[in-house]
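Encoded as structure tokens, the structure appears first; notes follow it.
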Amino acid sequence: MAGTSPRGGSAPPALSRRSVLQLGGIGAFLFATGACASGSGTDGSDDASPGASADTLRIAVSSYLSSWDQDFVGFDPVALMLYKNVFPYMIDYGVTEVDGSRILDTENVMATFAESFEPNADQTVWTLKLRQGVTFASGNEMTAADVKWSKDRAFAAQANVAGIYRTIGLTEPDQVTVVDDYTVQFTQAFPSALTRQIQAISLYVFDSEEAKKHATDADPWAAEWFANNAPTGGYFNVERAVQGQEIVLAANEQYPGPDPAQTKTIRISVVPAAANQRLQLEAGDIDVALGIGQRDIADLKNTDGVKVISAASNEQVAIQMSVTTAPFDNVDVRKALAHAVPYDQIINNVYGGDARPTKSLVPLDMPGYDERGYPYGYDPDAARAALAAAGVDQISSELVYATDNDTQQQIAVLVQSEARKVGIELELVPLDPATLAERRQQKNIPLQITAGQLWVNDVEYMLATSFVEGANLNYSNYVNPELEEIYERSHTVVDPAERNELWLRVQEILAADVPWVILCQPNFNLPVREAVSGWVQPMDGLARLRYLSASA
């Protein structure tokens, strides 16, 4: 059986790298949505606002979720955020404080709905112990049978979880076994340093007894029913959902673990237009706006009754260069562009100084980050010298960015202006989301601006998504044989010091090959009413609403 080995066995991991890399949108790299949806659309709920109170929090989002079924959803930031709050996840990240901001601690994965999740000595068998007495909204108690059914369903789907589980050596349903009513074991094909983080985004549980009532011979996993009916048993249960308009969450009073929901009711209204979200926030009709762009946020900093929560983020903004497309198939041309980009201007003029410079393609705050990873800065003379080394003094290319993204447009204009001074002529090409997605899939864009954040704060995961052959987000078409070997070797290395040695070499390779121009890591900014408190910056981009309160 592919991907399995005896407990404590020394068989090499039968990991199919190509299959690992088909992670899709979920669980890979969460791309920033831009938050500036067009069109006026509906202004959300058809009910009168209940007004601010300590028991109710009102949040605006840009779109309604596409499905309630986590096993089959595509890339849908609103849906993925809601899942984190209404599904019972067995484990999740803890919270730490950085520079006065509370952020999710990706190096501290803790039990939440579970009582514990611990490995055996060689870290191949992980035992999950459930809390007793946890119930779904149906009244059914959550047991090991629900965990087993949920993971069997995930393997049957061969979609999100099944793909991401391969990174830690889980490929077959019989690797997940029930020990007793409250104990489940996961037997991996090999030890992996990623296990806790992968399970933090994968260990959600369905109410299997309720699901079986809606299963049919044609639909044994009740996919049709789950697509339209909200899960229960998380920090919140869905009290009301009106397609395209509003979702009302009620705190799960039965949750027995740490960090219960701080607000009894959360009303989530769909407000597609960023301008309407801004108006509603200023008027006090909503408490949190999750779809406002940088320009409006800057204005809101001076608005009475509104405050902007700012926190360090792991979002990266970069220019990916196709290393298989002329002129960027020449490494000296790539170095020339890396020296032509006005990094400080971008941080100061586009982000108003509210972004961090970075010196590696490994994100700031990720274990293993090393400033030797990106030895480039704004230096026109060095850019001209690199072009000369490439044997040219003038090149041209298109620079692609998302048409609905004001921030990327500003970056593109600045880069175009400075690049022209050294002999790099760039045609700015804004693309609508559908065309951009199609061209990214075809991987035929020579130069493009990207922004996003990794869900798993680890270099092995970063390589899997972005820098090895076949990686879903490897728009640069980048392949380096030594880096491929390091990636394969990293699967079974669990010692932090040994992993950091690998990551240092990875950054040296990336510095020499420079497939990306790394621009900066902008801080996360969230406009809220002054009464709102408790925000914890999600390092995976998915807000944990349980920490929020409407009473500062």
Side-chain angles (χ1 to χ4, degrees), residues 53-59 65 68 70 79-96 102 104-105 108-118 127-151 181-184 196 199-211 226 229-241 247-268 288 532-538 540 542-551:
S53 77
D55 292 337
T56 303
L57 194 69
R58 302 155 304 167
I59 299 174
L65 78 170
W68 288 106
Q70 180 149 7
L80 297 172
M81 182 270 286
L82 281 168
Y83 297 160
K84 276 294 181 185
N85 296 283
V86 299
F87 269 101
Y89 276 81
M90 298 298 99
I91 58 176
D92 198 3
Y93 300 121
V95 176
T96 188
R102 298 174 75 210
L104 289 184
D105 184 359
N108 174 27
V109 177
M110 56 185 289
T112 54
F113 282 85
E115 186 175 283
S116 63
F117 181 61
E118 297 296 335
T127 300
L128 178 76
K129 287 188 174 295
L130 302 179
R131 296 178 190 276
Q132 298 186 27
V134 176
T135 60
F136 296 100
S138 63
N140 297 326
E141 184 181 15
M142 186 186 306
T143 68
D146 293 303
V147 178
K148 172 62 176 171
W149 188 89
S150 299
K151 296 311 111 183
D181 285 350
Y182 303 102
T183 307
V184 182
R196 282 191 172 89
Q199 291 286 24
I201 62 177
S202 304
L203 253 178
Y204 50 87
V205 177
F206 291 96
D207 180 349
S208 65
E209 290 303 312
E210 185 66 21
F226 272 121
N229 291 273
T232 72
Y235 290 95
F236 295 91
N237 288 319
V238 177
E239 187 174 272
R240 179 171 179 254
I247 298 164
V248 179
L249 306 180
N252 182 356
E253 304 291 349
Q254 305 302 315
Y255 170 59
D259 300 323
Q262 297 299 299
T263 302
K264 289 184 178 179
T265 303
I266 294 183
R267 297 170 65 95
I268 299 174
V288 180
V532 174
S533 65
W535 175 258
V536 173
Q537 173 63 13
D540 53 13
L542 307 177
R544 271 58 164 186
L545 303 179
R546 63 184 181 273
Y547 296 111
L548 284 177
S549 168
S551 56

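Only this structure's heavy atoms are used, side chains among them; waters, hydrogens and symmetry mates stay out.
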For this session: Walk me through it: do Val205 and Phe113 pass the test side-chain contact (heavy atoms from CB on, under 4.5 Å)?
Result: CA-CA 10 Å; Val205 177; Phe113 282 85; over 6 Å; no

Just wondering, do [Y] and [X] contact through their side chains at under 4.5 Å, heavy atoms?
X	Y	value
Asp55	Thr265	no
Arg102	Tyr547	yes
Thr112	Asp259	no
Val238	Leu249	yes
Arg544	Val536	no
Asp92	Arg546	yes

For this session: Give a yes-or-no answer on whether the side chains of Asp207 and Ser138 include a donor-acceptor pair shorter than 3.5 Å.
Result: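 Note: Asp207 and Ser138 side chains meet the donor-acceptor criterion.
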
Find the distance between [atom1] ([X]) and [atom2] ([Y]) and round it off to the nearest 0.5 Å.
X	Y	atom1	atom2	result
Glu209	Phe136	CD	CZ	9.5 Å
Leu128	Leu203	CG	CG	6.0 Å
Lys84	Ile201	NZ	CD1	7.0 Å
Lys264	Thr56	NZ	OG1	9.5 Å
Leu65	Leu80	CG	CG	9.5 Å
Met110	Ile91	CE	CD1	11.0 Å

For this session: Begin with the C-alpha distance, continue with both residues' side-chain angles, and end with the deciding distance and a verdict on side-chain contact (heavy atoms from CB on, under 4.5 Å) for Val288 and Val532.
Result: CA-CA 8 Å; Val288 180; Val532 174; 4.2 Å; yes

Smallest separation among heavy atoms of [X] and [Y], with atom names:
X	Y	result
Asn140	Glu210	ND2-N, 3.8 Å
Ala250	Glu239	CB-OE1, 3.7 Å
Ala111	Ala114	CB-O, 3.3 Å
Thr232	Ala137	OG1-N, 3.1 Å
Gln262	Ser549	CB-CB, 4.4 Å
Pro231	Val86	CG-CG2, 3.7 Å

Problem set entry | Side-chain donor or acceptor of Asn85 paired with backbone N/O of Leu545 under 3.5 Å |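 Side chain of Asn85 to backbone of Leu545, a donor-acceptor pair under 3.5 Å: yes, one is there.
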
Problem set entry | Any donor-acceptor pair under 3.5 Å from Lys151 side chain to Ser202 backbone |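 Judged by distance alone, yes, a pair lies under 3.5 Å.
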
Problem set entry | Residue pairs passing the salt bridge (Lys or Arg N to Asp or Glu O under 4.0 Å) test where at least one lies in residues 129-148, sequence neighbours excluded |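 Every salt bridge (Lys or Arg N to Asp or Glu O under 4.0 Å) pair that includes a residue of residues 129-148, provided the two are not neighbours, is Lys148-Asp152.
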
Problem set entry | Near-ring test Phe206/Phe226, centroid separation under 6.0 angstrom |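 Between Phe206 and Phe226, which both carry aromatic rings, the centre distance is below 6.0 Å.
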
For this session: Take Ile266 and Leu548 through the test side-chain contact (heavy atoms from CB on, under 4.5 Å) and record every step on the way to the result.
Result: CA-CA 10 Å; Ile266 294 183; Leu548 284 177; 5.5 Å; no

For this session: Name all pairs fulfilling the side chain to side chain donor-acceptor pair (under 3.5 Å) condition that reach into residues 248-258, sequence neighbours left out, sorted by first residue then second.
Result: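 Counting only pairs at least two positions apart or across chains, the side chain to side chain donor-acceptor pair (under 3.5 Å) contacts touching residues 248-258 are Tyr235-Tyr255.
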
Problem set entry | Any residue meeting side-chain hydrogen bond (donor to acceptor under 3.5 Å, both in side chains) with Trp149, in chain and number order, not counting sequence neighbours |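 For Trp149 there are no side-chain hydrogen bond (donor to acceptor under 3.5 Å, both in side chains) partners, ignoring immediate neighbours.
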
Exercise. By side-chain hydrogen bond (donor to acceptor under 3.5 Å, both in side chains), which residues pair with Glu115, not counting sequence neighbours?
Worked result: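 So Glu115 forms no side-chain hydrogen bond (donor to acceptor under 3.5 Å, both in side chains) with any residue.
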
Exercise. Partners of Trp68 by ring pair (Phe, Tyr, Trp, His ring centres under 6.0 Å), sequence neighbours excluded?
Worked result: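 Trp68: no ring pair (Phe, Tyr, Trp, His ring centres under 6.0 Å) contacts found.
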
For this session: Could I get the full list of ring pair (Phe, Tyr, Trp, His ring centres under 6.0 Å) partners for Phe117, not counting sequence neighbours?
Result: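 Testing Phe117 for ring pair (Phe, Tyr, Trp, His ring centres under 6.0 Å), a comparison that skips the adjacent residues, returns Trp126.
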
Exercise. Which of these, Asp540, Asp105, Asn108, sits in a side chain to side chain contact (heavy atoms under 4.5 Å, CB included) with Tyr93?
Worked result: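 Going through Asp540, Asp105, Asn108 one by one, the side chain to side chain contact (heavy atoms under 4.5 Å, CB included) with Tyr93 is satisfied by Asp540 alone.
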
